[in-house]
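Here is the structure we will look at, set down as structure tokens.
Atoms within a ligand are numbered from 1 in the order they appear, just like the ligands themselves. What you are looking at is a predicted structure, and each value in this text was computed from that prediction instead of being measured.
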Amino acid sequence: MSNTKILVTRQWPTGPQERLAASHDVTFRAPDTTMSHDEFMAAAKEYDVIMPTVSDKIPAEFYPAAKGKVKILASYGVGYNHIDVEAARANGIAVTNTPDVLTDCTADLAMGLLLAAARRIGEGERETRAGKWEGWRPTHMIGKKVTGATIGIVGFGRIGQAMARRAHFGFGMKVVFQDAWNVPDDIKAANGNAEQLGSIEEVAAASDFLSLHCPGGDATFKLINADIFKAMKPGCILVNSARGDVVDEDALFDALDAGTLTAAGLDVFMGEPALDPRFLKYENLVLAPHLGSATDGTRDAMGHRAIDNMEAFLKGDTPGDLVS
Ligand code: DGY
């Protein structure tokens with residue numbers, strides 16, 4: 001058992017929690033809620049390692065307060081927009097995340113949202129459960145055909161590529177995408193013969209479905225705004241399994257009202273878990289509570305990956321997933 005004091009901010013799956021407990025001086029914080037400002041400030045003086053999650057927004061005052069005490073934020077999750085990476089670096093705090101292990105499950109969920117929004121599965125389920133189903137008829141709950149349609153992907157990293165493969169090889173979809181990096185031909189070929197376009201507007205104009213896979217944070221805040229909705233091919237369906245703040249929600253509701261946007265499948269929201277009440281008004285929205293990585297295998301693997309990163313750091317090695 002090492003002397004390093006570790007704080008785990010949320011309840012983890014049993015496997016990685018037991019692994020941590022077996023060989024470290026670890027505090028598993030209870031209750032299973034997001035860390036408050038005061039808790040972070042107290043933790044800054046008490047722990048050598050903090051293992052936060054994507055829902056623990058770390059306050060700006062934490063970093064200078066933690067300088068010299070907290071050595072690493074070994075975060076559980078791939079996204080790290082809850083951490084000010086520059087401030088961490090400036091105060092000598094390493095940051096790691098848990099990529100790769102959640103790629104497939106997040107892309108699976110995005111595909112599920114796309115199908116549910118296109119084929120009106122949420123709406124149909126509500127009708128069936130309410131006892132309002134009047135039986136099969138040729139004009140009942142007509143959706144949008146997925147097979148053979150064009151999908152536009154914003155952000156062609158691991159999860160964007162995994163979504164492209166599902167769409168192309170599973171559903172015969174044509175794939176176009178936008179990303180800031182110039183994607184090499186072999187990667188485009190391996191991921192559904194995807195075609196890179198010059199801007200999000202071009203991708204939106206070409207796509208029957210637009211799926212977001214870019215990181216959150218300042219650089220992508222309200223990236224999908226009124227201009228993008230205006231550029232969209234009429235009848236487009238939006239899927240967001242990235243971060244809520246990537247979408248300007250006022251512009252989204254305007255696009256739904258105008259009919260430019262036919263439907264949307266959303267796993268993430270601005271200011272979640274609080275939800276703008278307007279979301280509940282639209283039958284053509286499929287709403288999920290940030291479930292992208294929520295499978296037994298993946299959530300276990302994320303915990304083990306966070307521990308691997310932390311243990312490598314404590315041994316003096318460079319962690320596999322060092323962000324900063
Ligand atoms: C992440 O890891 O960033 C996801 O949003 C939650 O798994």
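- With ligand atoms numbered from 1 in the order given, ligand 1 contributes 6 (C), 7 (O) to contacts under 4.0 Å with heavy atoms of Ser293.
- Under the 4.5 Å side-chain heavy-atom criterion for Ile, Leu, Val, Met, Phe, Trp and Tyr, Phe313 and Val49 are members of the same hydrophobic cluster.
- Under a 4.0 Å criterion applied to the non-hydrogen atoms of Gly79, ligand 1 contributes the atoms 1 (C), 2 (O), 3 (O).
- Tracing side-chain contacts under 4.5 Å through hydrophobic residues (I, L, V, M, F, W, Y), one never reaches Leu114 starting from Val268; they form parts of separate clusters.
- Each of the atoms 1 (C), 2 (O), 3 (O) of ligand 1 lies under 4.0 Å from some heavy atom of Val54.
- The distance from ligand 1 to the heavy atoms of His290 drops below 4.0 Å at these ligand atoms: 4 (C), 5 (O), 6 (C).
- Shown in contact with Arg243 at under 4.0 Å from a heavy atom are these atoms of ligand 1, numbered in order with element: 1 (C), 3 (O), 4 (C), 5 (O).
- In summary, of the residues considered (Leu256, Ile224, Leu210), a side chain to side chain contact (heavy atoms under 4.5 Å, CB included) with Phe229 occurs for Ile224 alone.
- The single protein non-hydrogen atom nearest to atom 2 (O) of ligand 1 is Val78 N, 2.7 Å, given as residue, atom name and distance.
- With Glu127 as reference, His140 is the one residue of His140, Arg120, Lys132 to meet the side-chain hydrogen bond (donor to acceptor under 3.5 Å, both in side chains) rule.
- Ligand-side atoms of ligand 1 in range of Gly77: 2 (O), range being under 4.0 angstrom from any heavy atom.
- Atoms of ligand 1 lying under 4.0 Å from any heavy atom of Leu102, numbered from 1 in the order shown and given with element: 2 (O), 7 (O).
- With Arg305 as reference, Asp100 is the one residue of Asp100, Asp300, Thr98 to meet the side-chain hydrogen bond (donor to acceptor under 3.5 Å, both in side chains) rule.
- A distance of 3.5 Å separates CZ of Arg299 from OG of Ser293, quoted to the nearest 0.5 Å.
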